[in-house]
Amino acid sequence: MLEKRIDELIKILNKANYEYYTLDNPSITDQEYDSYMDELIKLETNNPSLVRSDSPTVRIGGQIIDEFKKITHSIPMMSLGDIFNYDEVRDFDTKVRKVIPNPEYVCEPKIDGLSVSLIYKKGKLVSGATRGDGVVGEDITHNVKTIKNIPLSLPVDIDIEVRGEIYMSISSFTKLNEERIKKGEKVFANPRNAAAGSVRQLDSSISASRNLATFMYHMPEAQIHNVKNQEEALKFMSDLTFAVNPNIEKVSSVDEIIKYIEKIASIRSDLPYEIDGVVIKVNNFLDQKKLGVTAKVPKWAIAYKFPAEEVLTKLNDIEFCVGRTGKITPRADLSPVRLKGSVVRSATLNNQDYIKEKNIMIGDIVSIRKAGDVIPEVVEVKTERRTGDEVPFKMIDKCPICGSKLVKKEGEVAYFCTNINCDARNIESLIHFASRDAMNIEGFGERIVEDFYNMGFLKKIEDYYTLKEHKTTLMELEGFGEKSINNLLNNIENSKSNSLERLIFGLGIKHVGKKTAKILSENYKTLDKLIEADTEELSLIDDIGSIIANSINSYFKEDKKINMINKLKENNVNTNYLSKEKNINELFLDKTFVLTGTLDSLSREEAKELIESKGGKNTNSVSKKTDVVIVGSSPGSKYDNALNLGITIWTEDEFIKNSRR
């Protein structure tokens with residue numbers, strides 16, 4: 001009777017763990033779970049001879065080992081070759097097709113964690129091991145037993161080895177570091193390091209407290225179980241109650257592989273765990289055997305790595321740039337390094353205070369990343385790598401271009417060149433006017449603008465619209481010709497029909513960004529009405545405020561600016577707001593929306609435009625001010641945050657249906 005009740009409790013609790021940690025679909029409440037667990041603990045405490053190896057009580061931890069024993073893998077745990085761009089993806093496909101004419105591939109997110117091998121005998125977990133050097137790993141069985149989505153027993157009594165990745169979710173990582181900060185302990189650098197450190201604890205109770213998880217993706221001896229391909233292997237493991245990543249897809253062409261990579265990259269920031277790429281595997285196991293392996297890696301699989309988010313390099317010098325408003329910005333001259341798909345040679349240092357705060361010196365080894373995936377910035381100095389030859393930063397007092405004395409305005413942290421005729425200021429304002437988010441005059445990058453400026457063709461914004469008068473001369477310039485000049489002039493002509501918000505942003509009014517330009521356009525409809533608005537009136541508009549209002553008012557009080565605008569009008573540049581009609585919907589009006597996951601029927605940008613067309617607003621993060629979270633497939637932590645905050649959640653179908661009301 002006692003053994004029967006213990007069996008019942010173990011069955012109930014293991015099923016509950018699987019439903020909660022693997023399926024995310026619990027069938028019993030936390031209260032019921034705790035009650036069953038308390039009962040089982042009491043029964044096992046009073047009857048230690050009845051404690052089973054697959055009892056969920058072992059997940060609590062408590063086993064302490066003296067050292068990590070070695071485990072030799074019966075089949076080596078090979079690592080994968082890495083590729084970094086789409087050309088290399090196509091090369092991989094070409095090599096495969098030389099052996100397999102019509103291959104199928106299985107694409108999987110590459111979890112940024114720690115590889116693990118799990119061995120079961122007659123359906124019971126007997127060992128867990130790290131990859132180690134691929135041949136010999138460390139025995140971490142006492143710790144893997146504490147991971148709640150690793151089954152301690154399988155629904156069938158089979159002998160099997162499965163391999164996968166141990167990881168720590170981003171929320172668990174954040175919580176762990178917060179606790180370590182409170183205790184004055186050193187924080188972990190990233191979730192991968194935290195996961196690796198957690199499974200290499202001699203005391204399993206530490207691992208148990210770290211809330212680790214797994215995804216399984218490989219069966220080394222799948223064909224023993226009559227499993228013929230990777231797709232079947234994933235289903236087989238899922239049926240055995242292992243956690244398998246839900247974002248795995250089968251594809252049949254290299255274009256579909258690239259489409260999958262782009263899809264995973266687009267939802268990467270929404271995932272509740274970190275990934276660092278995509279794994280591409282030939283699906284059929286007989287095809288894998290034909291392709292074979294090299295000494296180090298299989299020929300039938302490859303890992304596409306997302307570009308690095310943060311890298312180390314040397315800061316060789318600090319230079320100074322002059323912006324369109326005269327603002328002086330220090331810039332780091334870096335030893336070239338590849339970051340997120342491009343070679344970075346410089347990074348912004350913002351201002352003097354920023355440099356002092358980060359304790360940056362010339363000659364330092366620094367870590368850099370791309371802010372918003374675009375602009376390189378220095379994250380921190382690796383002070384432990386200083387040699388004593390580093391040179392402290394010193395701010396300049398004169399403009400590096402025109403030599404004018406720099407001024408630090410009250411309330412500003414930056415220094416400014418106040419010479420309105422400074423070449424650097426003028427060139428930057430011309431580049432900004434033609435930029436994509438402003439007038440979008442394609443072809444006018446930094447080099448061409450600078451060349452045309454130095455040759456006297458493009459000195460002021462209005463000169464863009466008189467360049468056609470110099471067409472013959474421009475076509476004779478080295479590196480140009482009739483076709484390239486015609487393209488530039490056509491792009492200028494097309495820019496005349498832009499809506500007002502692009503022009504306002506392109507004018508380069510201090511403190512007026514893309515969003516503010518749109519707000520001003522929607523409120524005033526024409527540039528003339530905006531020019532007539534006073535500071536008090538502007539300040540009453542949401543998201544404007546007195547600082548921006550004063551800046552706008554001051555800009556349009558300058559005769560030089562009004563003359564420039566009049567010349568733009570003479571050249572038929574549109575100065576009216578070309579509004580897209582809004583079909584206001586009460587379900588959307590003045591509500592804040594957050595998108596998470598992948599939508600099947602709309603791109604992310606199309607969904608945002610639809611929300612705005614119905615009167616709603618878009619934001620990127622979930623907070624108490626969020627009204628609705630729209631959930632697509634494979635939603636990330638934003639979905640969990642919405643649930644915790646009790647925010648309204650719409651599925652994609654509900655979103656589309658509500659937008660049509």
Side-chain angles (χ1 to χ4, degrees), residues 20 24-26 30 109 168-178 191 211 246-247 263-275 309 371-374 437 501 513-523 540-545 548 580 582-661:
Y20 186 90
D24 194 22
N25 186 28
D30 290 348
M168 180 178 288
S169 70
I170 294 170
S171 59
S172 295
F173 170 72
T174 302
K175 183 180 178 182
L176 174 61
N177 269 349
E178 287 173 351
N211 199 24
N247 296 300
K263 173 187 171 182
I264 294 300
S266 72
I267 65 171
R268 184 182 180 188
S269 61
D270 289 333
L271 295 173
Y273 45 82
E274 290 201 342
I275 62 174
E309 294 189 340
D373 290 342
V374 179
D437 289 336
E501 66 271 18
K514 182 181 173 183
K515 180 180 177 182
T516 302
K518 183 73 177 292
I519 292 170
L520 293 169
S521 298
E522 290 177 340
N523 275 272
L540 295 175
I541 301 172
D542 287 345
D543 298 325
I544 298 297
I548 298 175
K580 294 179 181 177
K582 285 189 177 181
N583 181 16
I584 300 300
N585 183 320
E586 289 186 1
L587 293 173
F588 289 77
L589 184 60
D590 295 330
K591 290 185 178 177
T592 301
F593 290 78
V594 172
L595 292 158
T596 182
T598 302
L599 302 181
D600 294 327
S601 58
L602 296 168
S603 69
R604 185 65 65 97
E605 287 306 312
E606 288 170 339
K608 288 182 176 180
E609 286 179 9
L610 179 57
I611 290 167
E612 290 180 358
S613 73
K614 300 297 177 182
K617 301 176 183 177
N618 292 291
T619 58
N620 293 322
S621 57
V622 176
S623 69
K624 291 179 181 178
K625 294 181 179 180
T626 306
D627 295 296
V628 180
V629 172
I630 298 169
V631 178
S633 59
S634 305
S637 57
K638 295 176 185 178
Y639 175 56
D640 296 330
N641 292 340
L643 290 174
N644 292 334
L645 292 171
I647 293 167
T648 300
I649 293 172
W650 289 354
T651 63
E652 181 176 356
D653 289 341
E654 288 172 323
F655 170 42
I656 301 299
K657 182 179 177 181
N658 289 336
S659 70
R660 290 172 178 166
R661 289 189 181 182

Task: Spatial distance of atom CD (Glu609) from atom CD1 (Ile611) [nearest 0.5 Å] - done: 10.5 Å
Open item on the list: Which residue in the set Thr596, Val628, Val631 passes side chain to side chain contact (heavy atoms under 4.5 Å, CB included) when paired with Ile649?
Closed with: Val631
Task: Shortest non-hydrogen contact from Glu501 toward Lys518 - done: CB-CA, 3.8 Å
Open item on the list: I need the Leu599 CG to Ile630 CD1 distance, nearest 0.5 Å.
Closed with: 7.5 Å
- [ ] Could you grab the distance from atom CG of Leu602 to atom CD of Glu652, nearest 0.5 Å is fine?
- [x] 6.5 Å
Open item on the list: Give me each pair satisfying salt bridge (Lys or Arg N to Asp or Glu O under 4.0 Å) with a member in residues 620-639, each pair once, sequence neighbours excluded.
Closed with: Asp270-Lys638
Task: Distance, nearest 0.5 Å, that separates CE of Met168 from OG1 of Thr174 - done: 10.0 Å
Open item on the list: Minimum heavy-atom separation for Asn211 and Ser172, please, with both atom names.
Closed with: ND2-OG, 2.9 Å
Open item on the list: Distance check, rounded to the nearest 0.5 Å: Leu587 atom CG versus Arg660 atom CZ?
Closed with: 14.0 Å
Task: Leu595 to Ala607 - nearest heavy-atom pair and separation - done: CD1-CB, 3.9 Å
Task: Minimum heavy-atom distance Leu645-Ser623, with the two atoms named - done: CD1-C, 3.9 Å
TODO: Keeping the roles fixed (side chain from Asn585, backbone from Asn658), state whether a donor-acceptor pair exists under 3.5 Å.
DONE: yes
Open item on the list: If you apply the rule side chain to side chain contact (heavy atoms under 4.5 Å, CB included), what do you find for Leu520 with Ile544, and how did you get there?
Closed with: CA-CA 9 Å; Leu520 293 169; Ile544 298 297; 4.1 Å; yes
- [ ] Look at the aromatic rings of Phe655 and Phe588 and report parallel, tilted or perpendicular, splitting at 30° and 60°.
- [x] tilted
Task: Atom pair CD/CG of Glu586 and Leu589 - distance to nearest 0.5 Å - done: 7.5 Å
Task: Any side-chain heavy-atom pair of Phe173 and Tyr273 under 4.5 Å - done: no
TODO: Would you check if the side chain of Asn641 reaches a backbone N or O of Val622 as a donor-acceptor pair within less than 3.5 Å?
DONE: no
TODO: Write down the atom of Pro109, the atom of Ile264, and the distance for their closest heavy-atom approach.
DONE: CG-CD1, 4.3 Å
